Every structure is written in structure tokens, then in C-alpha cells.
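Input: a single structure, listed below in C-alpha cells.
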2 protein chains.
Amino acid sequence: MSLEKEIKMEKKINTVRHEALLNVVRTADFIEKISYSFFKKYGVTAAQYNVMIVLKLAAKDLTQAQIGERLITSRANVTSLIDQLEKRKFVRRKSVADDRRVYIIELTQAGKDLLKKVEPAYLDIVEKKMAVLTVKENHQLSLLLTKLRKIFNVYDKEGDCADEILY
Amino acid sequence: MSLEKEIKMEKKINTVRHEALLNVVRTADFIEKISYSFFKKYGVTAAQYNVMIVLKLAAKDLTQAQIGERLITSRANVTSLIDQLEKRKFVRRKSVADDRRVYIIELTQAGKDLLKKVEPAYLDIVEKKMAVLTVKENHQLSLLLTKLRKIFNVYDKEGDCADEILY
DNA sequence: GATATACTGTTAATAGGCTAACAATATGGC
DNA sequence: GCCATATTGTTAGCCTATTAACAGTATATC
């Protein structure tokens, strides 16, 4: 079903380009709604889960600013995410000797335990949902989106890339 | 540049399927950030613009609930969006004789004037950005995403489709 | 060493999403 | 007509985002 039929539009979407953009945003919107209710079953939000996964996958200790870079979000927002997670005892702030401005954020045992439950279930659901596309199609989709995303890396200087992530 | 390199991940993304999903969400996130700052220049938010475009493109008068359906958002949220737009004098609520529960939402002249300024500029920027993909690639992207989105239309009953929209 | 500049995390204001509960109103079945 | 059920819009509470301003700290320059 085309997007135009799907949304009962009274006027045509102007161009192939505009339609592609709307498809990206619209599809992500569906994915995020599903994610939100999935994570809620485990008592965390998608944003909180993303923070914890970033911490889990990081090879080194991360400060709040570094978490913000990887999640493409502001330091202000990281503060409140960490506040929430700390209140739930899933992470802790740890002061750093050589830079008294920053906190290292650590997963607590409770946080690690939660991830052990949530992550496999999450990956399982992703596998099942995305299987509507063939392996080749999934790969193609990634290629197209990666190409598209280059437009937005305006602060991507001299070959180095933005140190950001989203799970 | 692959997503893995782009985000300096310490561990590999598990599968092609998971990677595709992350690419969709991540790309949409960039698009939404750009949109947000674009619309801000004109004194509206992206969500407010979407409401106005829905009203403009609708062939008939729309109630708040109908706007909510097209924007895939809750009635509660529509209430606050309309509150904002009404405060800015871009739309007005109009009572309906035969159903005293509902309001018809109308664009004011100020709202129409705003759209005349914003919409061409918006479409222009979309054309320019999306031109990083060829026409064929844009078309292919739409096809893949439309196929993918079928998973999420769980409430899509008997061939009829969800009456939702996102601009 | 003093000073300007940059960076980190916090706070406040604003916006937009969600769910849940509510009152008012319509509608369907009897 | 009556009553149960459904729908509409509102409200409240929560969470996540944004920007802007701020204090504290590091760093670079002189």
C-alpha cells in the first residue's frame, strides 16, 4: 500500500523525494511507539534503556557528556535521564579525581540484571519484526539510509565522524 | 560509512536486521532535529506545522479526533496542540450543531498566510536534501519502508487502513 | 600567576509525547 | 423511552526533548 493511499490524502505528495522523507519519519514513528510500550513492560523507558545499553557496550568509562554525544542528545537531557536511572538504582554517578566537573556513570548490579532480562527479549522482537524484509532488503535499506544520513553530518569534519549512537 | 563505524561501537551490531532498524530510527532522528530548527525560524514547531498542513490538505472539516488519527497521536495531545495554535491565532475551534461533543478546527487567515510562507520553503529544502539519493533510490527507499511498516499495522483490519498521516 | 576561553553538569522554561481518569454527549439494544 | 456502551475533548501527571543561562572547573595564553 502506498503512503498516499495509506493516509487517505486528498492531494498528492509532491515528489518521490518528499514521499521518501515522509516514509522515513513515519516508519520511525511506528517503531518508536512499539519500542516505548515494549520497554514499559520492564519498567524502563526507551530513552533509559538506550542509556544503559550505551554504558554496557562502551569499552571505557563514560561521562554524561559522552553519553549525550552517543545518543545525539543534549547534556541537559542526559542530566535528567541519569537522574531517573539513579533514582531507580540502575546507574550511579561517580566523581572523578582529575576533573572535578565530570561524573563517570556506572551501571549498578541492578542495572546489569535488568539488561540481562530486557536485551534478549528486545533483540528477539527486532529479529522477528524485521524479518518481513529479506536479508538483502534489510541490507539495502541500511545502505540507502546511511547514504541519506550523510546530508545531516554537517559537523562531520575532515573524515572524522560524529561520535553518536542510538540503539 | 557504516553505522558501526559511524558510532564507534565497541561491539558489533548483532544482525543485518537490527542494523536496519537502528538506521531507520537514527535517520529519522536527524530529520526531525533539522525540521525542528527549520520550523522554529517561522515561529512554529514541527508538530504545529503538521496540524496546519493536515487542515490545509483535508477535503472536509476535521474534528480534533480526526486530526489525531491522521497524525498518529492521542486526542490529549491534539488538545494541547490546538491550544497552542489557537493562542497564536493560527486556528480556531468551531462548535458543531449536531454533535455537541466535538469541535471543528479551522485555519484562520493568519494560519493560511503562514503556510503560504513556510510550505514552499519546506518543500524546497526537502527537495535539495533528498537529492543526495537518485530518483530510483528514493523510490526504492519508499518501497522498503512501506513494506516494513506493514508489521506495525496490527489494527489494520479487513483491508481498510489506518487513517493516519504524518507530514 | 592572572586572565580569558572552553567545557561540564544543572536548572528553568517551553514543547510535545504518553496514559489514565473524567464529564458531557451520542448511540445502540432492549 | 431507558440504560449500557462508546466517543469526544479536557485535565493531570509523568517522561523526554529543546534552548538559554548559570556556576564551577580546566585549560590555554599572555
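Note that the structure is predicted; figures quoted are calculated from it, not measured. Basis for what follows: all heavy atoms, side chains included, without hydrogens, waters or symmetry-related copies. In what follows, chains carry the letters A, B, and so on, assigned in the order in which the sequence lines appear, proteins first and then strands, with residues in each chain numbered from 1.
Take the nearest nucleotide of DNA chain D for A/Val44 and for A/Arg100: the residue whose nucleotide is more 5' is A/Val44.
One finds no salt bridge joining B/Arg93 and B/Glu106 here, because no Lys/Arg side-chain nitrogen approaches an Asp/Glu carboxylate oxygen to under 4.0 Å. A salt bridge does not link A/Asp83 with A/Lys87: every distance from a Lys NZ or Arg NE/NH1/NH2 to an Asp or Glu carboxylate oxygen is 4.0 Å or more.
In this structure, B/Tyr49 has its ring center at least 6.0 angstrom away from the ring center of B/Tyr42.
Taking hydrophobic clusters as Ile, Leu, Val, Met, Phe, Trp and Tyr residues chained together by side-chain heavy-atom distances below 4.5 Å, A/Val96 does not share a cluster with A/Leu62. Clustering ILVMFWY residues whenever any of their side-chain heavy atoms sit less than 4.5 angstrom apart, transitively, puts A/Tyr122 in the very cluster that holds A/Ile34. Linking Ile, Leu, Val, Met, Phe, Trp and Tyr residues whenever their side-chain heavy atoms come within less than 4.5 Å places B/Ile151 and B/Leu144 in a single cluster.
As judged by a 4.0 angstrom heavy-atom cut-off over every strand, B/Ser37 is placed among residues making no nucleic acid contact.
Along DNA chain D, the stretch of nucleotides lying under 4.0 Å from any heavy atom of chain B spans, 5' to 3', D/dT7 to D/dT19.
Remark: the A/Thr108 side chain and the A/Arg92 side chain contain no N/O donor-acceptor pair separated by less than 3.5 Å.
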Checklist entry - How does protein reach along nucleotides 2-15 of chain C, written 5' to 3' as B (base within reach of a heavy atom under 4.0 Å), S (only sugar-phosphate), or - (no contact)? => result -----BBBBB---S
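For B/Phe39, the CZ atom counts as densely surrounded, since its 6.0 Å shell holds more than 12 non-hydrogen atoms of other residues, nucleotides or ligands.
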